Each structure stands twice: as structure tokens, then as C-alpha cells.
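Here is the structure we will look at.
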Amino acid sequence: MQRRGFLLLALLALLALTSAVAKKKDKVKKGGPGSECAEWIWGPCTPSSKDCGVGFREGTCGAQTQRIRCRVPCNWKKEFGADCKYKFESWEACDGVTGTKARQGTLKKARYNAQCQETIRVTKPCTPKTKAKAKAKKGKGKD
């Protein structure tokens, strides 16, 4: 009998916790704490120093302005920005004339209403094919 009571109490606590988390997510999506504005327009994430790392993103809605913290990955592609997320195909074969290989990406997600291209094409230099020498494992082999 005590187990049922404990399980029922645990279930009620779990339901209350998930309900509180859902309410918190709804408040965050609306534009910020204490905000009555529904149509926020967010600018790009601007790193505080150099061209990547922690920075800020400014948003406006009517006369209101907010700054939120954001992070620009240090390996982002400057051609299409950090707020445009793409799904890429496999790399094509190496073009012997240019010495590059290419692949195409289709837009998967545009964060913060960013202006993103629907499809993009990226290239990179071909790597020469060299076989890596196998390293012998120490301590486990027969001598």
C-alpha cells in the first residue's frame, strides 16, 4: 500500500514539474520576460571579440529593444552565416582541373528570422590520397 502511495506521489510531482517547464518555455518563446510584444525581429549574433565565440544578438519589437547572449561557433562558414542551418549531400568527386570538390546543401532551419539562401554550394580543396602507416600496438604483441 505504501508503494502505491509513493508511486502516486512521484507521478504527481513529475506531472507538476513537466507542467512548470512547459509554461516556462511558452514565456521564453514570446520574446522575453515581462514582454507583451509578439513579433520580435532579431539581428545576427555579433561576437564580443574576434569573429567567433560568445557575443550578443539584438532584438526589436516596436519601441522595445532587447539583447540576449549568443554564441558563434568558431568553425562557421562565413558565406552563409551561423543562423542558417543546412543539410548537406555527400562530397562530389574531385575535379582534377580545379583541384577542388563540392557539395550542395538545402536549407533546414533559419534561426531568428535570418535571411538564408534555399540552396548553397560549398567547395574545398581535394586532399591527396596517402596511406597512413599502421602503428604497432605496444605491450600486447609477441616478440
Side-chain angles (χ1 to χ4, degrees), residues 3-142:
R3 278 189 185 167
R4 281 190 198 163
F6 177 75
L7 288 175
L8 183 60
L9 183 62
L11 181 62
L12 287 173
L14 182 63
L15 287 173
L17 181 64
T18 55
S19 175
V21 169
K23 285 180 183 178
K24 186 175 182 180
K25 284 184 179 180
D26 288 345
K27 287 181 182 179
V28 171
K29 287 181 182 178
K30 288 181 183 175
S35 175
E36 298 299 324
C37 200
E39 293 296 321
W40 282 91
I41 299 171
W42 296 98
C45 183
T46 307
S48 298
S49 63
K50 299 184 182 179
D51 62 348
C52 64
V54 176
F56 290 95
R57 179 185 311 277
E58 287 195 2
T60 58
C61 184
Q64 298 180 25
T65 303
Q66 283 188 353
R67 281 181 72 176
I68 59 171
R69 289 184 61 151
C70 61
R71 187 178 185 299
V72 177
C74 288
N75 63 348
W76 68 298
K77 307 296 182 200
K78 292 182 182 178
E79 300 169 23
F80 49 86
D83 292 332
C84 303
K85 303 297 179 189
Y86 291 91
K87 178 165 178 61
F88 286 96
E89 299 171 353
S90 299
W91 288 102
E92 296 174 356
C94 184
D95 183 357
V97 177
T98 62
T100 60
K101 56 184 175 179
R103 68 179 176 173
Q104 186 169 328
T106 55
L107 183 64
K108 184 170 71 171
K109 184 178 185 180
R111 297 173 42 193
Y112 296 99
N113 302 326
Q115 300 293 323
C116 302
Q117 300 174 26
E118 284 296 318
T119 59
I120 59 168
R121 186 170 179 83
V122 292
T123 60
K124 73 175 185 179
C126 299
T127 55
K129 291 186 178 181
T130 58
K131 291 187 177 181
K133 293 182 180 178
K135 293 183 180 179
K137 292 184 180 179
K138 294 181 180 179
K140 295 278 183 172
K142 292 183 180 178

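Throughout, numbering of the chain's residues begins at 1 and tracks the sequence. Just so you know, these numbers come straight off a predicted model, no measurement behind them.
Of all heavy-atom pairs between A110 and C116, the closest is CB-SG, 3.8 Å. Closest non-hydrogen pair, P47 versus V72, comes out as CG-CG2, 3.9 Å. In terms of heavy-atom proximity, L107 sits nearest to K85 at CD1-O, 3.6 Å. In terms of heavy atoms, A38 sits closest to C61 at N-SG, 4.3 Å.
Listed by chain and residue number, nothing satisfies the side chain to side chain contact (heavy atoms under 4.5 Å, CB included) test with T46 (two or more places apart in sequence, or in another chain).
Without hydrogens or angle criteria, Y86 side chain to Q117 main chain gives a donor-acceptor distance under 3.5 Å. Using modelled atom types, one side-chain atom of R57 and one backbone atom of G43 make a donor-acceptor pair closer than 3.5 Å.
Taken to the nearest 0.5 Å, the OG1 atom of T60 stands 11.0 Å off from the CD atom of E39. With values rounded to the nearest 0.5 angstrom, Q66 atom CD is found 13.0 Å from F56 atom CZ. Atom SG of C84 sits about 10.0 Å away from atom CZ of R111, to the nearest 0.5 Å.
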Donor-acceptor pairs under 3.5 Å, side chain of residues 87-101 to any protein atom, not counting sequence neighbours: which ones?
from: E92; atom 1: OE1; to: R121; atom 2: NH2; distance (Å): 2.9
from: E92; atom 1: OE2; to: R121; atom 2: NH1; distance (Å): 3.3
from: E92; atom 1: OE2; to: R121; atom 2: NH2; distance (Å): 3.2
from: D95; atom 1: OD1; to: V97; atom 2: N; distance (Å): 3.2
from: D95; atom 1: OD2; to: T98; atom 2: OG1; distance (Å): 3.3
from: T98; atom 1: OG1; to: T100; atom 2: N; distance (Å): 3.4
from: T98; atom 1: OG1; to: T100; atom 2: OG1; distance (Å): 2.9

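W42 is listed as a side-chain neighbour of I68, based on a closest heavy-atom distance under 4.5 Å.
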